[in-house]
Each structure stands twice: as structure tokens, then as C-alpha cells.
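Input: a single structure, listed below in C-alpha cells.
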Amino acid sequence: MIPALERAVELAIGAMLVGLALWSVLVRPRFASIVGFVVFGLLLMLAWMRLGAPDVAMTEGAIGSGLAGFLLLSAAARLRCSEIRRARIGAGEPQRARDRSPRRSSIVALGVGCAAVAAALAAAVAALPHPAPSLAPAALERLPELGIGNPVSGVLIGFRALDTLVEKIVLVVALVGVWGLAAEASWRRAPSVDPSPEIEPIRFLARALPPVGIVLAIYLLWRGATEPGGAFPAGAILAAMAVLVLAAGLGRLPPTAARSLRLAICAGPLVFLGVGGLGMGVARGFLDYPAGFEVLSIKLIEVLLTGSVAVVLLLLVAGPPEEAASANGMRRPEPPL
Amino acid sequence: MTSATLFSLCSAALVGIGLFGLLLHQDPLRRIVALNVLGAGTFLLFGAIARRGAVDGLPSDPVPQAMVITGVVVAFAGSALAVSIVRRLAALDALDGPDGPDGPDAPSSIEPSDDAPRDASARGSGDSDGEVGGKSGAGSTGVDDAPRRGVNGGAFDGRPRRSSIEPDGRASMEGR
Amino acid sequence: MSVVAALLDGWTVLLVCAGIGFFVAGTTGMLRFPDAATRLHALTKADNLGVGLVVLGLLPQVARPAEGFKLLVIWALVLLASAVSSQLVARVATDGPPIEEDRNGRTAPAASGTPLDRSGSVGAGAQP
């Protein structure tokens, strides 16, 4: 393409990004703010493509825009319901009185301060060294040792495997935190995804789309070794399909006490840890894959990680188990084992 | 102007906008959205710097890209935890009724603060230990909690979660 | 051979430009029409046709048949998503706002004068 035209497209994407960010921060209704944020995430995918990072674009689109959008929208609907209930019993006013809005002068001061932060950041970016430091040559040089062709996957699962491992553990810890917010009475029950208020079209979509989504996830996982893709986008797509099925009321999550669920959550990180620990005996150190078995180890870890990522993302979207779910005729808590 | 420069300037603007929203709003959900905008700006800065490190055969340095992929997932986990806290607080607020027993605590606990995850995870593990208690929890909380509320009512002695669980138990008793 | 290539390029330019024209028309309709039904009318028809034209226009440019297949799959998925989302929007728009509904299906008193306007937020107060 003509360079000037490319610049024009990039300029348009950047301008729309800034405009949508302003919209989603400043617009008054919560719903509009969240929808603005979802669109912002989709535009961000285009920006990532222009920056030559299709792996990030896929992850950003699936998680940062799709799943986070669902999470925020369903939370907004929840909050609205509880506010209506609260207003009906007349408890809304004291809460409202406490939330005094800031004075105009302090808003202006805040705006000036944040603009100063942005300007300082822009100045720092302008002062970055030339030529830019890069780890790309080092990554490219050692990539053949791992037996995979996609440098981003290589960094994620090979060179910086410790980051990925710890991130998986962070995901599990975050899930423990979410479950810990369950009320005493609903602990050990099944978490649930809020059903759609208009069930029929969602039900149709939930029957038509998951086969395509599952094939797409397997394809992304499989080709992630050589081309953009990999465990994260694949897991996110699987989680999105599961959210769709649950929101349509076509399925139900197992209770948090179920052994199989807990095993699925932990399988990915545990196998990752196990293979990594094996490296201390067989190879040169922790998270060093045994020579000759790199591809096998990486494939094993990636497949299990995809499953665990999908399950954990789904459960993070579903939130803590709630009493309302059991009151609506959902399943009873299992007897303690 | 290269695309790296353009998007790094854009990311600086996004960081400023996200910060503004984060500090401006009192509604926790709007704060989470603003925090996500701030995070997106930070990630985009990583992307621009990765783009500057392009070499022959690679349009972008893979190491910052991998960090961003990790970061996007962790940011989502953080948002999910924050949303769960907000939803729980809203549910408790709605159940409180007009008398609003924990009035003074409510504004401070609405803050999606940094130590909330630690607090929440500690609580989660505590619950998983007491499995037998969890079984009979629904029946007994209302009875147990009535005196405890009297003793512990306004005291903010390092167990804020306990006081916020109680209204739920009471409400479930009322529902039956 | 170059004549064929030029013809294919011309086909691409023609169809993609036509698709963009439909997008512009649909977006104008969405911004200018008065209510949800007419906006949906503009958006769904024009945009589905626009996506179709863009995909058809891009088909001669693919390097491998697999890429063309992916483009067609994208088209089908966009059609599916568009159909479902427009159904949802239309149902919500015609059945009355489910926003007024409780989670248990009870309907809140619509004209109760609750202070929850569409902003519906506890502390969204400060706007310039």
C-alpha cells in the first residue's frame, strides 16, 4: 500500500481510539460507557495489527474486548437491579447523599494533572534511544532449539516460560479470590452466568456457534506453533463459547466443590510445574525442556494450558456462586465428601 | 512519523484519559472501565516499543508482545475480581434495608483497593477449610449472627468481611 | 495474463468501493433515523450487503484457496452474529425495556419516579 495511505489509516485508528476512550470514560450512562469500551477493544485489535502483533490482537480481542465486555455488561445489569430494589425500599437516598460530586475546579485540576502525565509520557517516548534495543535477534537465533516457528509462542512457552507459569498461578489465585466472595450459605454451590433477558435468539446462537468456535480454537492452538495463534486465544474462544451456552440456559456449571472442576483448573499449571521441575533433573534447570523432547513437552503443556485457561476464564466471568442460583431451582449443594 | 511513534503518542493519551476517569468517578464500575483503558494504553506503549525493535524477518520484537499477552490475561483476572467485589457489595447494600447497619463502612469498602485481592483470597481459603461449617451454614448463620452483630456491630477490628456477611444470612432467613 | 490480473484488480476495487458505499449508507441511517426499528433496518440490510461485497471483492486477491475459504467463513459468521444481535435489539426495543425488570422477573413500578434514570449510577455524578 502507499505509505501515505497507511499513515492516514493509522492516524484514523489512533484518533478513534482516543475518541472512544474519552467517550467510555466521560459518557454518563454506564451501559454506553461499557459499549464504548468494547468497541475500543475491537479498534485496539486493528492497532495491534498495524504494530505487527497479530498474536496480541487476537488475545486482546477475545479477552480484553469480548470476555471483559460480557463481564462488565452483566455486572452493570446486576448493579442496576440491586439499585432498583434499593430505591424501592427507600434506601437509595442516604447512599446518594454521601456521594457528593466533586467541584468543577477540582475536576479541571484533575484534568490538567492527567494531561501533564500524558504529556510527560509522550516526552519520555520521544526521548527513547535510537536505534531501539531489541531482543528479536536473540529470540530468532535460539528459536530453532524449541522446534516451533512462531517467535511469540516461543517466548511465551520457552524463553519466558516463568512469566507464563506465574501468570497461570495468578489466574488460579484470582479465581480463589472470586470464589471467596461467595456468601456463607452459597459456598460450594454452582456458580452461574446471568441468563439473557431475551432467550430465543441467544439460544439459537448458542446451538449454531460452538461447533465453529471449538474447531477454530483447535485450529488456533495447532497452528500457534508456527503462525499467530496459541493457547491464550484458543482458551479464550473456548471460554466464550461456554459463556454463550450458559447464558442461553443450555448448560449448567458444576458446583465449586466438584473434584473434576478443581482438577481442570489446576491441571495446566500443575503439568507446567511438573515438566518445568523435570528440567532440573533431566535438562539444564527449572523450566528447561529435556533435549529431544522439546516439541512434545511444549505441545503437552499448551494443550493442557488451553483447557485450564478456558475453564478459569469461564469461572472468572461467572463469578462467585450465589444463593439466587439455588433458589431458582438450580442444583443443591453436594454432600461433603 | 512511523506507526510506532504514532501509536506511542496515542498510548500516552490513553494513559492520561484512563487515569482521569479512574480518579474522577465514584461509581466502581466506571472506575474498572477507566482502569482498563489505562491498562490498554500501557499495553499499547509496549506494542509501540516492540515495533521499534523490529528486525529483518520479524515485524515486531516478540518479547514485549509475549509480556502484553500475559498482561492482558492478568488484567482480565484483576477486572473479574474487582467486578465480583462490586457485585457482592451491591448485593449487600440492596439487602441492607432502610436502616443500613453498616453505613459508615460502606464508602470505604466500595473502593476497589489493592489489598482487596489478598483479603478475598484469604477468606476463600478459610472457607474451604471449614467444609462442615459450610454445610450447615445456611441454617445457623441467622441464629449465630444476631448476638455477634450486637457485640461486633460497629467495631472495625480487622474483620470487615465478617460484618458484611451477616446481612446476607439475615436476609436469607427473612426470605423463608 | 496481465489483462486478467488487471480485470481482477478492477473487480476488487469496484466491489470493495461498492461495499464501502453500503457501509456509509448504513451508518448514516443508524445515525440519522429516529427510532430503533428504522435504525436496525438501515444497519442490518446495508451492512450485511456491504460485508458481502467486500468479501466478494477480496476473493480474487487471495494467495491460497484456504484464505478464500476463511473469508467466506468470516462472512457467514458476521451474518450469523448480525442476525442474532439485531433480533435481540429489536426484541428489547419492542417488548419494552427489560431494564425495568427485576432479576426474578418481577417488573419494577415503571412510573414510580425512581431516581434511576438511564445513567443508573450511584456515583457517576461528575461530568463536564
Side-chain angles (χ1 to χ4, degrees), chain A residues 10 14 17-18 21-22 24-25 33 37 50-53 56 59-60 63-64 68 71 75 78-79 82 85-86 90-91 99 110 114-115 117-118 121-122 125 132 134-137 139 151-152 155-156 160 163 167 170-171 174 176-181 183-185 187-188 232 316 319-320 336, chain B residues 3 6-10 12-17 19-21 23 26 29-30 33-34 37 40 47 51-53 55 58-63 65-66 68-70 72 74 76-77 79-81 83-84 87-88 90-91 94 98 107 117 120-121 123-124 127 131 134-135 137-138 141 165 168 172:
Chain A
E10 284 171 1
L17 274 178
V18 172
L22 273 174
S24 62
V25 161
S33 160
F37 176 70
R50 293 304 310 163
L51 287 171
V56 186
T59 312
E60 169 66 38
I63 297 178
L71 178 79
R78 278 290 179 106
L79 285 194
S82 66
R85 206 174 302 140
R86 197 182 161 80
D99 294 323
L110 194 59
C114 292
V117 169
L121 198 54
V125 164
S134 175
L135 288 168
V152 179
V155 173
L156 271 176
R160 299 293 307 170
D163 289 352
E167 178 218 350
V170 166
L171 274 183
V176 169
V178 168
W179 281 3
L181 289 166
E184 198 78 30
W187 173 244
R188 295 175 69 86
F232 291 95
L316 283 175
Chain B
S3 54
L6 196 153
F7 282 117
S8 58
L9 290 179
C10 178
L14 293 184
V15 167
I17 293 167
L19 192 62
F20 182 66
L23 296 175
Q26 289 171 330
L29 215 53
R30 305 295 305 275
V33 170
V37 171
R51 176 68 169 180
R52 293 176 82 241
V55 293
L58 272 187
S60 177
D61 187 353
V63 177
Q65 285 188 54
V68 169
I69 290 179
T70 310
V72 165
V74 170
F76 172 76
S79 298
L81 186 53
V83 162
S84 290
R87 267 170 51 166
R88 182 84 185 118
S121 58
R123 171 146 182 79
D127 264 352
E131 290 188 341
K135 180 192 66 172
T141 40
I165 293 299
D168 190 75
S172 70

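Side chains included, hydrogens not; waters and symmetry mates left out as well; all remaining heavy atoms used. Each chain gets a letter, A, B and so on, in the order the sequences are listed, and its residues count up from 1. What you see is a predicted model; the values in this text were computed from it and never measured.
- Considering OG of B:Ser84 and CG of A:Leu316, their distance stands at 7.5 Å, rounded to 0.5 Å.
- Contact record, A:Val25 with B:Gly21: CG1-CA, 3.4 Å, taken as the closest heavy-atom pair.
- Using a 4.5 Å cut-off between heavy atoms, B:Leu6 touches chain A through its side chain atoms alone.
- Residue contact with chain B, scored on non-hydrogen atoms closer than 4.5 Å, involves the side chain of A:Ala139 exclusively.
- Looking only at side-chain heavy atoms (C-beta outward), A:Pro320 and B:Arg88 stay at 4.5 Å or farther from each other.
- Inter-residue side-chain proximity for A:Leu156 and B:Thr70 is flagged as met; some heavy-atom pair is nearer than 4.5 Å.
- If you measure heavy-atom distances from B:Val83 to chain A, the contacts under 4.5 Å come from the side chain alone.
- For the set A:Leu121, A:Leu110, A:Asp163, the count of heavy-atom pairs under 4.5 angstrom toward chain B peaks at A:Leu110.
- By number of non-hydrogen pairs under 4.5 angstrom with chain A, the leading residue of B:Ala12, B:Cys10, B:Gly53 is B:Ala12.
- Contact annotation for A:Val170: only side-chain heavy atoms (C-beta onward) come within less than 4.5 Å of a heavy atom of chain B.
- Of the atoms belonging to B:Val37, heavy atoms from both backbone and side chain fall under 4.5 Å from chain A.
- One finds the OG atom of A:Ser134 at 10.5 Å from the CZ atom of B:Arg52 (value rounded to the nearest 0.5 Å).
- Atoms OG and CG, from A:Ser33 and B:Leu29 in turn, are 8.0 Å apart once rounded to the nearest 0.5 Å.
- In this structure, B:Arg30 and A:Ser24 approach most closely via the heavy-atom pair NH2-O, 3.5 Å.
- Using a 4.5 Å cut-off between heavy atoms, B:Leu14 contacts chain A through its side chain alone, with no backbone atom that close.
- Here OG of B:Ser3 is found 6.5 Å from CZ of A:Arg50. Values are rounded to the nearest 0.5 Å.
- The shortest non-hydrogen separation linking A:Ala118 to B:Gly16 is CB-CA, 4.0 Å.
- For the atom pair CD of A:Glu167 and CD1 of B:Ile69, the computed distance is 9.5 Å after rounding to the nearest 0.5 Å.
- Only the side chain of A:Val125 comes within less than 4.5 Å of a heavy atom in chain B; its backbone stays farther off.
- Of the listed residues (B:Leu58, B:Val55, B:Val15, B:Val74), the greatest number of heavy-atom pairs within a distance under 4.5 Å of chain A belongs to B:Leu58.
- Here the CD1-CG distance, from B:Ile17 to A:Leu17, works out to 9.5 Å after rounding to the nearest 0.5 Å.
- In this structure, A:Arg160 places its CZ atom where only 12 or fewer heavy-atom neighbours from other residues, nucleotides or ligands lie under 6.0 Å away.
- When all heavy atoms of B:Ala80 and A:Leu71 are compared, the pair lying nearest together is CA-CD2, 3.5 Å.
- The two residues A:Ala53 and B:Gln65 have their closest heavy-atom pair at CB-OE1, 3.4 Å.
- For the options B:Ala13, B:Ser79, B:Gly47, heavy-atom pairs under 4.5 Å to chain A are most numerous at B:Gly47.
- Of the two parts of A:Val152, the backbone and the side chain both hold a non-hydrogen atom closer than 4.5 Å to a non-hydrogen atom of chain B.
- When the candidates A:Leu135, A:Leu171, A:Val117 are compared by the number of heavy-atom contacts under 4.5 Å with chain B, A:Leu135 comes out ahead.
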